[in-house]
Amino acid sequence: MEGASFMGARLRDANLYAADMKRARFIKADLEGATLVEMNLFEGSLEKANLRDADLSGSNMYGVEFFNAVLEGATLVGTNLRMTKLQKA
């Protein structure tokens, strides 16, 4: 789903295990409690997204924008965070 837009989507507790979402936009999306394990979001955006208690273990978040994202309780073990933008996250 390269480049897809999920702006403002309600995806609480969604299972996006190993989803290939290169350059997808989850701006202001509600991903609280979601499973994003091994997800590929290369150069995508999670700007202002709610990732509270989400599991991003082993995901590829290379170059992802996390501006103003809520990361409280999120699991990031083994996540590729190279070149990410984490201002106010």
(request) Evaluate the side chain to side chain contact (heavy atoms under 4.5 Å, CB included) criterion for residues Leu41 and Met61: first the C-alpha distance (whole Å), next the side-chain angles of each, then the deciding distance (0.1 Å), finally the verdict. (result) CA-CA 5 Å; Leu41 190 59; Met61 297 289 154; 3.9 Å; yes
Rounded to the nearest 0.5 Å, what separates atom [atom1] in [X] from atom [atom2] in [Y]?
| X | Y | atom1 | atom2 | value |
| --- | --- | --- | --- | --- |
| Leu56 | Thr79 | CG | OG1 | 5.5 Å |
| Leu16 | Leu11 | CG | CG | 6.5 Å |
| Phe66 | Thr84 | CZ | OG1 | 6.0 Å |
| Ile27 | Leu46 | CD1 | CG | 9.5 Å |
| Met39 | Asn15 | CE | CG | 11.0 Å |
| Ser45 | Met7 | OG | CE | 9.5 Å |

(message) Quick check: closest heavy atoms across Arg12 and Asp30, and the distance to 0.1 Å?
(response)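 Answer, listing the atom of Arg12 first, then Asp30: NE-OD2, 2.6 Å.
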(request) Locate the shortest heavy-atom distance separating Ala29 from Phe6; write the atom from each residue and the value. (result)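 Of all heavy-atom pairs spanning Ala29 and Phe6, the closest is CB-O, 3.8 Å.
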(request) I would like to know whether Met21 and Phe26 meet side chain to side chain contact (heavy atoms under 4.5 Å, CB included); could you show each step before the answer? (result) CA-CA 10 Å; Met21 304 294 243; Phe26 289 87; 3.8 Å; yes
(request) I would like to know whether Leu51 and Val70 meet side chain to side chain contact (heavy atoms under 4.5 Å, CB included); could you show each step before the answer? (result) CA-CA 5 Å; Leu51 295 160; Val70 176; 5.9 Å; no
(request) List for me each residue that meets salt bridge (Lys or Arg N to Asp or Glu O under 4.0 Å) alongside Asp53, sequence neighbours excluded, and say none if there are none. (result)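 Not a single residue meets the salt bridge (Lys or Arg N to Asp or Glu O under 4.0 Å) criterion with Asp53.
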(request) Report the hydrophobic cluster partners of Tyr62, with the cluster defined as I, L, V, M, F, W, Y residues connected by side-chain heavy atoms closer than 4.5 angstrom, directly or transitively. (result)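 Members alongside Tyr62: Phe42, Met83.
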(request) For residues Lys48 and Phe67, determine if any side-chain heavy atom of one lies less than 4.5 Å from a side-chain heavy atom of the other. (result)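 Result no, sub-4.5 Å side-chain heavy-atom pair not found.
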(request) Using a 4.5 Å cut-off on heavy atoms from C-beta on, say whether the side chain of Thr75 contacts that of Val37. (result)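 Counting from C-beta outward, Val37 and Thr75 never come under 4.5 Å.
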(request) Not counting sequence neighbours, list each pair that qualifies as a salt bridge (Lys or Arg N to Asp or Glu O under 4.0 Å) and has a residue in residues 14-29. (result)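 For residues 14-29: Glu2-Arg23, Arg23-Glu43.
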(message) According to a hydrophobic-cluster definition based on side-chain heavy atoms being under 4.5 Å apart (Ile, Leu, Val, Met, Phe, Trp, Tyr only), do Leu86 and Leu36 belong together?
(response)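 Same cluster: Leu86 reaches Leu36 through Ile, Leu, Val, Met, Phe, Trp or Tyr contacts under 4.5 Å.
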